[in-house]
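Atoms considered below: every heavy atom in the structure, side chains included; atoms not considered: hydrogens, waters and symmetry mates.
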Amino acid sequence: MTDRVYPSTKPATNGTTTITNPSFPATKAQLYGANRPAYRPQPQRKRSRRSCWCACCLWVTLIIFILLVLVAIAGAIIYVIYRPQRPTFSVSGLKVSSLNFTSSSQLTTNINFNITARNPNKKLVYIYNPVTISVTTEKEDILIGNGLLPSFVHGTKNTTLLKATITSSGQQLDDIPSSQLKTALKSKNGLGLKIELETKVKLKMGGLKTPKVGIRVSCEGIKVTVPSGKTATTASVSNAKCKVDLRIKIWKWTF
């Protein structure tokens, strides 16, 4: 059996060159030698302002969306319970006691009329401010006179008769409206009038009241004849129709 020869641990020499094997484990000088790059700590990354702003916008949008959903649900419940409907108006009578020009071309007017207001709702109450009234000619839109109705409360399933008087004495018209009105008063077919009521109203639903909103009622199709003496003439209101412009919003529903 032959003996194995292991390499010697002593450094071998070959002329002037000496080869040394590195020691193990590595020494401190080898670990932190000059050729090893120096350690430089990395700066911590800060959260950008843009990402914070995006997160804030996302949360705000989500909160607003949730609130809108809750409001829509509440509005749907109220709408189903109360079933809001607009009030209706109709001209039930109109008499003209005076509608003529004086010798100085000043207009004198005395008109009495009745308007019937109906509230079709079973659980809703309308609360009206004082109502301003204007009477004009239907075609030329010439102002005949103004009036005022006091404030009133329109109860549930209630019909209210509104009586008003339109008077004017010594009203001076411009030349063109004056000549147009004089020609219209001489017409055999009668003079067409338009009545407009305008005010503000709020809606009461149990213990809840809506903010005041504007309401305008326009009634057309009224034909009148000018009285020749002291006896008042009765206008024809069979074709009169009233349009109600009312926009009360209960959350997302408008009626």
Side-chain angles (χ1 to χ4, degrees), residues 85-120 126 128-150 152 154 159-201 213-247:
Q85 300 180 46
R86 295 184 183 185
T88 60
F89 294 82
S90 61
V91 180
S92 52
L94 189 146
K95 289 185 177 181
V96 180
S97 300
S98 175
L99 183 57
N100 51 37
F101 285 91
T102 63
S103 58
S104 58
S105 297
Q106 293 180 340
L107 182 64
T108 301
T109 306
N110 190 346
I111 300 175
N112 296 279
F113 66 90
N114 300 331
I115 289 185
T116 303
R118 295 181 178 86
N119 180 7
Y126 290 101
Y128 292 88
N129 280 7
V131 183
T132 58
I133 309 169
S134 62
V135 178
T136 59
T137 59
E138 195 171 78
K139 292 183 179 180
E140 298 83 8
D141 201 25
I142 301 172
L143 181 64
I144 300 298
N146 295 315
L148 185 67
L149 284 171
F152 66 98
H154 209 180
T159 300
T160 302
L161 182 63
L162 306 175
K163 296 183 178 181
T165 301
I166 303 298
T167 59
S168 65
S169 179
Q171 180 181 349
Q172 188 69 47
L173 300 178
D174 294 335
D175 294 337
I176 295 178
S178 178
S179 61
Q180 289 177 342
L181 183 56
K182 288 178 181 180
T183 303
L185 291 175
K186 296 177 182 179
S187 175
K188 296 180 180 180
N189 296 326
L191 176 66
L193 294 182
K194 178 173 64 176
I195 300 175
E196 286 190 352
L197 311 179
E198 191 168 358
T199 184
K200 288 187 176 181
V201 62
V213 295
I215 178 174
R216 177 180 295 176
V217 182
S218 300
C219 301
E220 299 181 0
I222 306 168
K223 291 289 185 179
V224 300
T225 55
V226 180
S228 56
K230 295 182 179 181
T231 304
T233 58
T234 302
S236 173
V237 296
S238 57
N239 296 325
K241 294 182 180 180
C242 296
K243 178 182 177 182
V244 180
D245 185 11
L246 170 64
R247 291 185 177 272

Whether [X] side chain and [Y] backbone form a donor-acceptor pair below 3.5 Å:
{"X": "R86", "Y": "V244", "result": "yes"}
{"X": "T199", "Y": "N129", "result": "yes"}
{"X": "H154", "Y": "A117", "result": "yes"}
{"X": "T167", "Y": "N110", "result": "no"}

Derivation of the side chain to side chain contact (heavy atoms under 4.5 Å, CB included) call for S134 and T132: CA-CA 7 Å; S134 62; T132 58; over 6 Å; no
Do [X] and [Y] come within less than 4.5 Å of each other through their side chains, counting heavy atoms only?
{"X": "L149", "Y": "Y128", "result": "no"}
{"X": "L193", "Y": "T136", "result": "no"}
{"X": "K95", "Y": "T233", "result": "no"}
{"X": "L162", "Y": "T116", "result": "no"}
{"X": "V131", "Y": "F152", "result": "yes"}
{"X": "S90", "Y": "K241", "result": "no"}
{"X": "N112", "Y": "L94", "result": "no"}
{"X": "L185", "Y": "F101", "result": "yes"}

Stepwise side chain to side chain contact (heavy atoms under 4.5 Å, CB included) check, V96 with V226: CA-CA 7 Å; V96 180; V226 180; over 6 Å; no
Minimal non-hydrogen separation, P227 against S97, with atom names: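 Heavy-atom minimum between the residues: CG-O, 3.6 Å.
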For the student: nearest non-hydrogen atoms of V217 and C242, plus distance: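 Shortest heavy-atom contact: CG1-CB, 4.1 Å.
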Atom pair [atom1]/[atom2] of [X] and [Y] - distance to nearest 0.5 Å:
{"X": "I115", "Y": "C219", "atom1": "CD1", "atom2": "SG", "value": "4.5 Å"}
{"X": "F89", "Y": "T160", "atom1": "CZ", "atom2": "OG1", "value": "9.0 Å"}
{"X": "L191", "Y": "I222", "atom1": "CG", "atom2": "CD1", "value": "10.5 Å"}
{"X": "Q85", "Y": "N119", "atom1": "CD", "atom2": "CG", "value": "9.0 Å"}
{"X": "N146", "Y": "T109", "atom1": "CG", "atom2": "OG1", "value": "10.0 Å"}
{"X": "I215", "Y": "Y126", "atom1": "CD1", "atom2": "OH", "value": "7.5 Å"}

Test item: side-chain donor near acceptor, N114 and S92, under 3.5 Å: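 The criterion, which ignores hydrogens and geometry beyond distance, is not satisfied for S92 and N114.
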Evaluation steps, salt bridge (Lys or Arg N to Asp or Glu O under 4.0 Å), between K194 and E138: CA-CA 5 Å; K194 178 173 64 176; E138 195 171 78; over 6 Å; no
Greater than 12 external heavy atoms within 6.0 Å of K182's NZ: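 Yes - once you tally the heavy atoms of other residues, nucleotides and ligands closer than 6.0 Å, there are more than 12.
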Flag if over 12 foreign heavy atoms under 6.0 Å of NZ, K200: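 No, the 6.0 Å shell around NZ holds no more than 12 heavy atoms from other groups.
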